[in-house]
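Just so you know, ligand 1 is whichever comes first in the structure, and atom 1 is the first atom listed for that ligand.
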Amino acid sequence: MQKIRKAVIPAAGLGTRFLPATKAMAKEMMPVVDTPSIQFVVEEAIASGIEDILIITGKGKNAIEDHFDANISLENNLREKGKDKLLEKAQSTTIPSIHYVRQAYPRGLGDAILQAQTFVGDEPFAVLLGDDIMPSKTPLTKSLMDVYEKHGMGAVATIRIPKEKSSKYGVIDIEENLEEDVHSIRHLVEKPSPEDAPSNLGIVGRYVLPPEIFDILRNQEPDAGDEVQLTDALEILNQTSPMVAYEYDGIRYDVGEKYGMLVANIEVGLQHEETSEKMREHLKQLAKDLKKA
Ligand code: G1P
């Protein structure tokens, strides 16, 4: 079994759900309290044992590269002022094992992943989507890597979703339960209507995939919206290289939309050493006021 060493993080999306904030700023740089959302995902990959990361960027995404690079003038400034803790924070996101490639046209997630072929080569690899922040004692990517190693099959992370939300997710048609939280996959359907959803198991943004996915993506026709869907490629892959779905039941923040971003800020703010106490008091008071209203 080949070890998973590489991860791909697509970050080329336009982020239109956050306009006007994303008019001149990468959506991946939107902070949860004081941390850009993409940093959570990079940290999950590193905590899972990933050695090299490729971020798929695009026009207007330079801030992501700057964030993971050194900022020498900032460092000098903080050093001169003796602000050691802040200096440490600034330096902590300087990560040389991150590589970048651009997706020239916004042709969907499948096309974004295809840009990673040269970086990945002939190895299995992990994919982490930046819209999902899933803090967990065992990082979710690590759990998927373990499932891949145990079963020798590509793995996608899933959660139980309310059926009426099927059209926001790739949905799994389960073939067989291999373990309590691992299911073999019969089919994968991208964003079905609730009536057509084969189950309530929706894909969340973590995958471990074999390199065969690239040939499929290269030959795939875009859908009606001119996007190459990763889920459609996985459906084809699954016919020749069967995959499994791993069921995750931990915390998930969907920071790809406003509500999820707000919830993430509140909950992470409740744990942050500089804000937790004030936040708790504020929320208690707010709850009281809302009860009265
Ligand atoms: C993408 C995938 C979808 C998956 C979702 C998870 O959709 O295409 O299968 O369920 O991520 O967040 P997006 O949310 O980018 O539209």
Student: Phe119 vs His99 aromatic rings, parallel, tilted or perpendicular, using cut-offs 30° and 60°?
Tutor: tilted
Student: Under 3.5 Å, is there a donor on one side chain and an acceptor on the other for Asn71 and Glu75?
Tutor: no
Student: Hey, is ligand 1 close enough to Arg17 that some N/O pair sits below 3.5 Å?
Tutor: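 By distance alone, the answer is no.
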Student: Would you say the side-chain atoms of His67 and Gln39 include a donor-acceptor pair closer than 3.5 Å?
Tutor: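 Their side chains do contain a donor-acceptor pair, which is all the 3.5 Å distance test asks for.
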Student: Do Asp132 and Arg252 meet the salt-bridge criterion of a basic N to acidic O distance under 4.0 Å?
Tutor: yes
Student: With nothing but distance in play, are any N or O atoms of Asp132 less than 3.5 Å from an N or O of ligand 1?
Tutor: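 In this structure, Asp132 places an N or O atom under 3.5 Å from an N or O of ligand 1.
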Student: Partners of Lys3 by salt bridge (Lys or Arg N to Asp or Glu O under 4.0 Å), sequence neighbours excluded?
Tutor: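 Salt bridge (Lys or Arg N to Asp or Glu O under 4.0 Å) check on Lys3 returns Glu51.
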Student: At a 4.0 Å cut-off, with the gap strictly under it, does some heavy atom of Asp131 reach an atom of ligand 1?
Tutor: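 So Asp131 does not count as touching ligand 1.
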Student: So which protein heavy atom does atom 5 (C) of ligand 1 come closest to, and at what separation?
Tutor: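 Result: Ile203 O, 4.0 Å.
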Student: Under 4.0 Å from a heavy atom of Tyr169: give me the atoms of ligand 1 that qualify, with their elements.
Tutor: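 Near Tyr169, meaning under 4.0 Å from one of its heavy atoms, ligand 1 has 10 (O).
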Student: Please could you name the atoms of ligand 1 that Lys191 approaches to less than 4.0 Å, counting only its heavy atoms?
Tutor: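 Per the distance check, 7 (O), 13 (P), 16 (O).
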Student: Is there at least one protein heavy-atom neighbour under 4.0 Å from atom 15 (O) of ligand 1?
Tutor: no
Student: So, are Arg79 and Asp84 salt-bridged, with charged N and O less than 4.0 Å apart?
Tutor: no
Student: Could a heavy atom of Leu129 be found less than 4.0 Å from some atom of ligand 1?
Tutor: yes
Student: Hey, which atoms in ligand 1 end up nearer than 4.0 Å to a heavy atom of Glu190?
Tutor: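 What qualifies from ligand 1 is 2 (C), 3 (C), 8 (O), 9 (O).
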Student: Which ligand 1 atoms are under 4.0 Å away from a heavy-atom of Thr231?
Tutor: 9 (O)
Student: Can you confirm whether the side chains of Thr141 and Glu44 place a donor and an acceptor under 3.5 Å from each other?
Tutor: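 Yes.
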